[in-house]
Amino acid sequence: MKKVKIVAIVGSLRKGSFNGQLAVQAGKVLGDRAELEILEFSDVPFFNQDIEYPAPDAVKRVREIVKSADGLWFFSPEYNHSFPGVLKNLIDWLSRPINESEGQVLAGKPAALSGITPGISGTGIAQDHLVTLISFLNMRVMNAPRVLIPNGKQQMDENGHLTLSVSAPFLEKQAEDFLRFISKEG
Ligand code: FNR
């Protein structure tokens with residue numbers, strides 16, 4: 001049987017990102033139950049209808065990866081009570097039809113949301129904005145459980161590595177539920 005493929009979309013491009021580290025931890029939590037690929041999209045240009053067709057190579061590449069996914073798992077920081085512009089830019093590209101005969105690649109895809117902040121917010125407000133957007137694009141959103149981690153530095157070791165000393169069980173529960181959610185018909 002084909003292994004479930006989950007594509008992780010991290011809303012931060014920075015090295016050492018808390019959310020990038022959370023995505024890596026999610027891959028470990030999934031273990032053999034699924035393949036988790038972290039989407040590399042730093043080369044995707046700013047969306048501009050002047051360059052939409054033919055799609056730039058980076059856009060073609062991310063679309064193919066997203067198309068091949070059984071589910072998308074978002075790991076996003078909160079910027080000014082929303083999700084970062086780089087993530088909106090990526091989703092705007094993904095929201096567009098590939099060509100005249102094919103639709104966009106997000107519709108119907110199961111989605112899960114997680115986030116971590118150094119402060120107290122835990123990314124809840126950003127997640128709500130993201131849910132509004134991806135629901136508009138007809139993604140199949142798992143609204144609960146979501147993972148929101150405040151005070152992220154408290155779960156890091158002295159080298160800045162995320163240990164998830166407190167939140168690991170919540171991530172495990174979300175992974176389990178997301179696998180079940182993916183396996184259900186839409
Ligand atoms: C932030 N940060 C932030 N944090 C938060 O909890 N709520 C917020 O509204 C904001 N706003 C915000 C705006 C901008 C422009 C930046 C750069 C940062 C702090 C943010 O959570 C922190 O930088 C995280 O470490 C970003 O996530 P990564 O890159 O570690 O994954």
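Because only heavy atoms are used, hydrogens play no part in the values below, and waters and symmetry mates are left out as well, while side chains stay in. Just so you know, ligand 1 is whichever comes first in the structure, and atom 1 is the first atom listed for that ligand. None of the values given here were measured: they were computed from a predicted structure.
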Trainee: Pro118 near ligand 1, heavy-atom distance under 4.0 Å?
Mentor: yes

Trainee: Students should be able to answer this: which protein heavy-atom is nearest to atom 31 (O) of ligand 1, and at what distance?
Mentor: Ser17 OG, 2.6 Å

Trainee: In the protein, what heavy atom is nearest to atom 10 (C) of ligand 1, and what distance, to one decimal place, separates them?
Mentor: Glu78 O, 3.0 Å

Trainee: What residue and heavy atom of the protein are closest to atom 11 (N) of ligand 1, and at what distance?
Mentor: Asn80 N, 2.8 Å

Trainee: Is it the side chain, the backbone, both or neither of His81 that has a heavy atom closer than 4.0 Å to ligand 1?
Mentor: both

Trainee: Under 4.5 Å between side-chain heavy atoms, hopping through other hydrophobics if needed: is there a path connecting Leu39 to Leu113?
Mentor: yes

Trainee: Side chain or backbone, does Gly20 bring an N or O within less than 3.5 Å of an N or O on ligand 1?
Mentor: no

Trainee: Does NZ belonging to Lys153 count more than 12 external heavy atoms closer than 6.0 Å?
Mentor: no

Trainee: For Glu78 and Thr117, does a side-chain donor sit closer than 3.5 Å to a side-chain acceptor?
Mentor: no

Trainee: Can you list the ligand 1 atoms lying under 4.0 Å from a non-hydrogen atom of Ser121?
Mentor: 6 (O)

Trainee: At what distance is the nearest protein heavy atom to atom 17 (C) of ligand 1, and which residue and atom is it?
Mentor: Tyr79 CE1, 3.8 Å

Trainee: For atom 27 (O) of ligand 1, which protein heavy atom lies nearest, and how many Å away is it?
Mentor: Pro77 CB, 3.3 Å

Trainee: Would you find more than 12 non-hydrogen atoms of other residues, nucleotides or ligands less than 6.0 Å from Lys15 atom NZ?
Mentor: no

Trainee: Output yes when a protein non-hydrogen atom is found under 4.0 Å of atom 2 (N) of ligand 1, and no otherwise.
Mentor: yes

Trainee: May I ask you to list the atoms of ligand 1 that are less than 4.0 angstrom from any heavy atom of Asn19?
Mentor: 27 (O), 28 (P), 31 (O)

Trainee: Please step through salt bridge (Lys or Arg N to Asp or Glu O under 4.0 Å) for the pair Arg61 and Asp57, ending with a clear verdict.
Mentor: CA-CA 6 Å; Arg61 185 181 53 77; Asp57 286 347; over 6 Å; no

Trainee: For residues 142-149, tabulate all N or O donor-acceptor pairs below 3.5 Å that involve a side-chain atom, not counting sequence neighbours.
Mentor:
residue : atom : partner : partner atom : Å
Arg146  : NE   : Asn143  : O            : 3.3
Arg146  : NH1  : Asp128  : OD1          : 3.0

Trainee: Could you walk me through whether Asn80 and Ser82 pass the side chain to side chain donor-acceptor pair (under 3.5 Å) test, one step at a time?
Mentor: CA-CA 5 Å; Asn80 299 314; Ser82 189; over 6 Å; no

Trainee: Flag the pair Glu102 and Lys67 as a salt bridge only when some basic side-chain nitrogen lies within less than 4.0 angstrom of an acidic carboxylate oxygen.
Mentor: yes

Trainee: Heavy atom under 4.0 Å from ligand 1: found in Ser12's side chain, backbone, both, or neither?
Mentor: side chain

